[in-house]
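Structure, as structure tokens:
So you know, we letter chains A, B, ... as the sequences are listed, proteins then strands, and number each from 1. Worth knowing before you read on, the calculation uses all heavy atoms, side chains too, and leaves out hydrogens, waters and symmetry mates.
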Amino acid sequence: MAIPYNHRAIEKKWRERWEQNPVNVNDGKKEKYYCLDMFPYPSGNGLHVGHWRGYVISDVWSRYKMLNGYYVIHPMGWDAFGLPAENYAIKMGVHPAKSTAENVANIKRQIKEISAVYDWDMEVNTTDPKFYKWTQWIFVQMFKKGLAYEKEMPINWCPSCKTGLANEEVVNGKCERCGSDVTKKNLKQWMLKITAYADRLLDDLDKLDWPEKVKKMQTDWIGKSHGAEVNFKIDGKDESITVYTTRPDTLYGATFMVLAPEHELAKSLANDDTRAAVEDYIYQASLKSSVDRLQDKEKTGVFTGSYAINPLNGAKVPIWLSDYVLADYGTGAIMCVPAHDDRDFEFAKKFNLPIIQVIAKDGKEIENMEEAYTDASGTMINSGDWNGLESGELKLKAPEMIEKMGFGKKTTNYKLRDWVFSRQRYWGEPIPIVHCPDCGNVPVPEEELPLLLPDVKSYQPTGTGESPLADITDWVNTTCPKCGKPAKRETNTMPQWAGSSWYFLRYVDSKNDEELVNREKADKYLPVDMYIGGVEHAVLHLLYSRFYTKFLNDIGVVDFDEPFKKLFNQGMVCGRDKETGAATKMSKSLGNIVSPDDTVRDYGCDALRLYELFIGPPELDSIWDDRGMDGIYRFITRLWNMVNTNIEKDAKETEELLKIRNRMVSDITKRLESFSLNTVISAFMEYNNKFVELTAKDGVDKKTLETLAILLAPFAPHIGEEIWELLGHKESVFTAKWPTFDEKYLVDDEIEIAVQINGKTKATVSINKDIDKEAAIAAGKEALGSKLTGTVVKEIYVPGRIINIVVKA
RNA sequence: GCCCGUGUGGCGGAACUGGCAGACGCGCAGGACUUAAAAUCCUGUUGUAGUGAUACAGUACCGGUUCGAUUCCGGUCACGGGCACCA
């Protein structure tokens with residue numbers, strides 16, 4: 001009898017062989033295919049089976065591409081700077097450099113258990129000075145182009161992480177990392193002018209083969225809107241206030257105006273009667289945190305005492321202050337049309353302000369308006385010259401009309417804000433800037449990069465708005481690179497996203513000390529063809545990376561302006577809540593983390609790889625169930641025994657086997673191409689069941705077994721190799737070509753189809769696939785026999801699919 | 001509140017452009033082998049009624065289009081995700 005399946009021996013053997021003779025080689029002739037994983041941050045918890053899943057998916061895809069003749073770039077690295085690593089270090093009471101190195105070592109060991117075809121020569125680590133030299137270099141280039149600038153402003157501040165945060169890092173008013181309520185803090189910050197790329201970031205989404213969901217999230221995040229700025233004169237003064245509106249068609253319906261409490265004219269609009277109330281309102285608003293401002297939907301406000309003149313009809317409208325108007329969007333001031341905007345309506349009701357309907361709803365004026373009519377469709381009313389126009393068309397034309405009339409202009413606005421880039425933390429790339437009292441901000445000269453992160457005993461965040469680096473006077477005090485006079489270093493560090501925004505460019509030339517990436521190599525091996533990772537980075541990493549790539553394209557570092565052609569988001573692997581049985585995210589606090597280590601030991605790497613795929617559709621979340629591993633192991637054992645038995649049998653190729661083999665190739669290839677990886681595994685099981693059946697009879701031929709070995713290799717590489725070798729091959733299975741199939745074997749001549757009466761299946765019948773309708777109907781009726789009663793009204797035959805007889809009782 | 005996604009056996013999930021709903025696997029039940037257990041193999045497994053072939057019902061719910069709907073359309077509910085006063 002055949003040798004029993006021994007996953008430990010087989011996997012050890014092939015891992016050693018691959019180590020000596022890598023299977024993914026660049027012979028300079030093959031076309032490249034760049035398949036990238038989102039690189040992990042090395043947390044102390046190590047990997048769980050959820051992380052594994054993404055890596056298995058990308059490895060299956062990489063190996064499939066190899067078998068299709070590509071040289072596959074499939075690298076791995078470490079996103080090791082940033083808050084998670086630093087917070088972990090603080091918790092454990094060790095230096096982040098030390099804990100990071102330990103965590104990297106542990107996770108690398110775990111990742112090697114996957115037996116993926118990673119090219120470890122390419123490995124990068126964002127905390128390596130040789131790497132962050134270039135992270136700093138990019139910052140300097142941005143500074144030179146005016147895209148990195150310093151600004152004092154109220155920014156999002158996490159009181160627990162004790163650092164400023166980017167807008168993208170604030171989720172529902174809470175810190176993305178630790179969940180604390182985010183407050184505002186006035187700090188001098190480095191900013192990156194991502195808004196300069198807003199239009200390109202928006203327009204180029206069309207070029208990308210990405211999930212629609214992610215594209216939509218980025219579109220919404222950029223939030224481009226079209227409208228007009230309109231100038232309203234302040235009654236009795238020379239000054240005017242400019243508002244931004246997307247609904248200039250409703251200008252005749254503007255019955256009041258609201259400014260953000262932070263608006264520069266806010267105080268000056270008050271008179272003796274209102275001054276106390278206005279100043280108090282402004283003060284109260286300044287105390288509100290962003291969370292309060294998000295949660296208090298109840299409108300508040302105060303009348304300034306001043307009026308503005310509607311430039312279109314000369315109407316005098318009161319000017320109010322309210323915190324529902326955002327200071328940093330548009331002009332910080334809005335014209336209010338309560339009849340056609342929900343928020344303005346609510347405000348008008350609360351403060352008893354007039355409501356004028358200017359768009360007819362269903363051709364009429366609404367009698368007792370109970371909610372705003374917000375559709376831009378209907379005929380204009382109460383609108384002077386504009387009466388009778390269609391509001392949707394007017395909305396589009398009004399900005400230009402206003403521009404011609406001379407009291408405003410057509411304009412666009414974005415929700416996207418510039419990127420707050422300073423972190424008041426230790427564990428990040430130092431921002432390479434020197435503050436000189438005479439020369440201002442001077443970048444560290446490029447030949448002096450990297451500017452090393454100094455070693456320090458106390459790396460805890462200070463909470464004062466200063467980075468821990470500020471305490472290291474030796475380091476802070478320096479000389480100005482320009483004039484040589486005493487100067488001080490910038491002490492803030494970069495956010496975690498700095499390194500991850502460009503790391504994928506570095507893999508293909510990771511040891512280059514002269515350039516970020518050699519241009520020739522970049523042209524040859526970049527950009528990324530397939531990027532695989534979780535959806536949680538939709539507006540963070542994936543937006544930042546696109547921005548960086550466009551910038552590097554602009555300064556000639558690379559010749560493409562989109563980093564990732566295709567994106568695949570894999571679903572999470574959830575655990576089960578022990579009490580409710582509901583699916584929950586795997587987390588340490590819930591105690592439902594499943595580590596891959598034990599599973600690999602007990603069932604083997606191949607078994608876990610197959611199970612990670614079999615568990616459910618790769619793009620959806622799925623639930624881990626340990627018991628499923630037994631099913632996979634049974635399948636592997638059955639397959640293993642089947643192959644070994646057939647090697648002894650040495651069966652002949654028959655017509656039946658030819659058919660099965662071609663169908664197997666067709667099924668697996670189609671499902672793999674459409675990323676339906678869970679059903680690929682199902683198909684393997686189904687075909688294996690057939691082979692087991694045939695083995696009990698005449699056996700399965702060698703060619704079919706070879707085909708099976710190749711098909712299986714991307715999924716279970718050790719087994720694929722072992723079977724390939726058992727079948728007499730000296731070279732690796734990955735030197736083989738992915739098999740093709742012949743269409744002629746996919747369809748039977750005799751097919752079995754369903755026979756229905758009034759759309760309900762009542763019988764089945766075997767017919768030749770080419771017979772005409774008449775013959776098919778006759779065969780169908782015969783199969784139905786006495787079940788067919790009543791008058792036949794209609795006879796339907798869809799060739800190869802169905803026979804349906806419609807009868808009337 | 002707005003936008004997007006999902007809803008199929010005890011469980012994970014299949015079903016190509018509308019064409020035999022429940023592939024494949026888990027679990028469970030019965031059987032074989034065994035002194036016994038594990039492992040392995042075989043059989044069954046949507047529900048209801050019936051010994052039975054079979055009949056009827058059935059893809060969250062209500063309705064529509066169609067010879068025929070898990071699939072298309074309209075409405076409702078539930079769950080998940082994104083955005084959240086962006087004028």
Subject >> A:His340 side chain vs A:Ile359 backbone, donor-acceptor pair below 3.5 Å >> reply: yes
**OP:** Using modelled atom types only, decide if a donor and an acceptor are shared between the side chain of A:Asn758 and the backbone of A:Val807 within a distance under 3.5 Å.
**Re:** yes
Between [Y] and [X], is the closest basic N to carboxylate O distance under 4.0 Å?
X        : Y        : answer
A:Asp328 : A:Arg417 : yes
A:Lys773 : A:Glu795 : no
A:Arg634 : A:Asp630 : no

What distance separates [X] [atom1] from [Y] [atom2], expressed to the nearest 0.5 Å?
X        : Y        : atom1 : atom2 : value
A:Asn804 : A:Ile796 : CG    : CD1   : 5.0 Å
A:Leu201 : A:Tyr414 : CG    : OH    : 10.0 Å
A:Leu321 : A:Thr304 : CG    : OG1   : 6.0 Å

What is the nucleic acid contact for [X], judged by heavy atoms within less than 4.0 Å: base, sugar-phosphate only, or nothing?
X        : result
A:Glu212 : nothing
A:Val798 : base
A:Ser225 : sugar-phosphate
A:Lys215 : nothing
A:Thr245 : sugar-phosphate
A:Ile796 : base

In whole Å, measure the gap between the [atom1] atoms of [N] and [M] for me.
N     : M     : atom1 : answer
B:C33 : B:A49 : P     : 34 Å
B:U71 : B:A60 : C1'   : 16 Å
B:A36 : B:U46 : C1'   : 36 Å
B:G27 : B:U6  : C1'   : 25 Å
B:U76 : B:G81 : P     : 23 Å

**OP:** For RNA chain B, produce a single dot-bracket line, 5' to 3'. Pairs: Watson-Crick or G-U wobble, both distances under 3.5 Å. Symbols: ( ) within strand, [ ] crossing, | other strand, . unpaired.
**Re:** (((((((..(((......[....)))((((((.......))))))((((....))))..(((((..]....))))))))))))....
Original post:
What one-letter contact string describes nucleotides 22-34 of chain B from 5' to 3', where B marks a base within less than 4.0 Å of any protein heavy atom, S marks contact via sugar-phosphate atoms alone, and - marks no contact?
Top reply: -BBSSS-------
Nearest whole Å is fine: how far is [N] [atom2] from [X] [atom1]?
X        : N     : atom1 : atom2 : result
A:Lys762 : B:G68 : NZ    : P     : 14 Å
A:Asp621 : B:G82 : CG    : P     : 11 Å
A:Tyr633 : B:U40 : OH    : C1'   : 14 Å

**OP:** Would you verify whether the NZ or CZ of A:Lys299 falls within 45 degrees of the ring axis of A:Phe347 while also being under 6.0 Å from that six-membered ring's centre?
**Re:** no
Original post:
With no angle test and no hydrogens, is the base of B:C83 tied to the side chain of A:Lys415 by a donor-acceptor pair under 3.5 Å?
Top reply: no
Original post:
So does A:Lys760 get a side-chain nitrogen or oxygen closer than 4.0 Å to the phosphate oxygens (OP1/OP2) of B:G19?
Top reply: no
Original post:
Can a side chain N or O of A:Tyr329 be found less than 4.0 Å away from OP1 or OP2 on B:A87?
Top reply: yes
**OP:** Indicate yes or no: at least one non-hydrogen side-chain atom of A:Asp323 is less than 4.5 angstrom from one of A:Gln284.
**Re:** no
**OP:** Start with the C-alpha gap between A:Lys215 and A:Asp206, add the side-chain angles, then the distance that decides, and say whether salt bridge (charged side-chain N to carboxylate O under 4.0 Å, His left out) holds.
**Re:** CA-CA 9 Å; A:Lys215 289 201 211 179; A:Asp206 288 341; 5.6 Å; no
**OP:** Give the nucleotide from the list B:C16, B:G13, B:C85 with an atom nearest to the side chain of A:Pro617.
**Re:** B:G13
Original post:
For B:G9, does the glycosidic angle fall within 90° of 0 (syn) or outside that (anti)?
Top reply: syn
Protein-nucleotides 2-9 of chain B N/O pairs closer than 3.5 Å?
from	atom 1	to	atom 2	distance (Å)
B:C3	O2'	A:Lys216	NZ	2.8

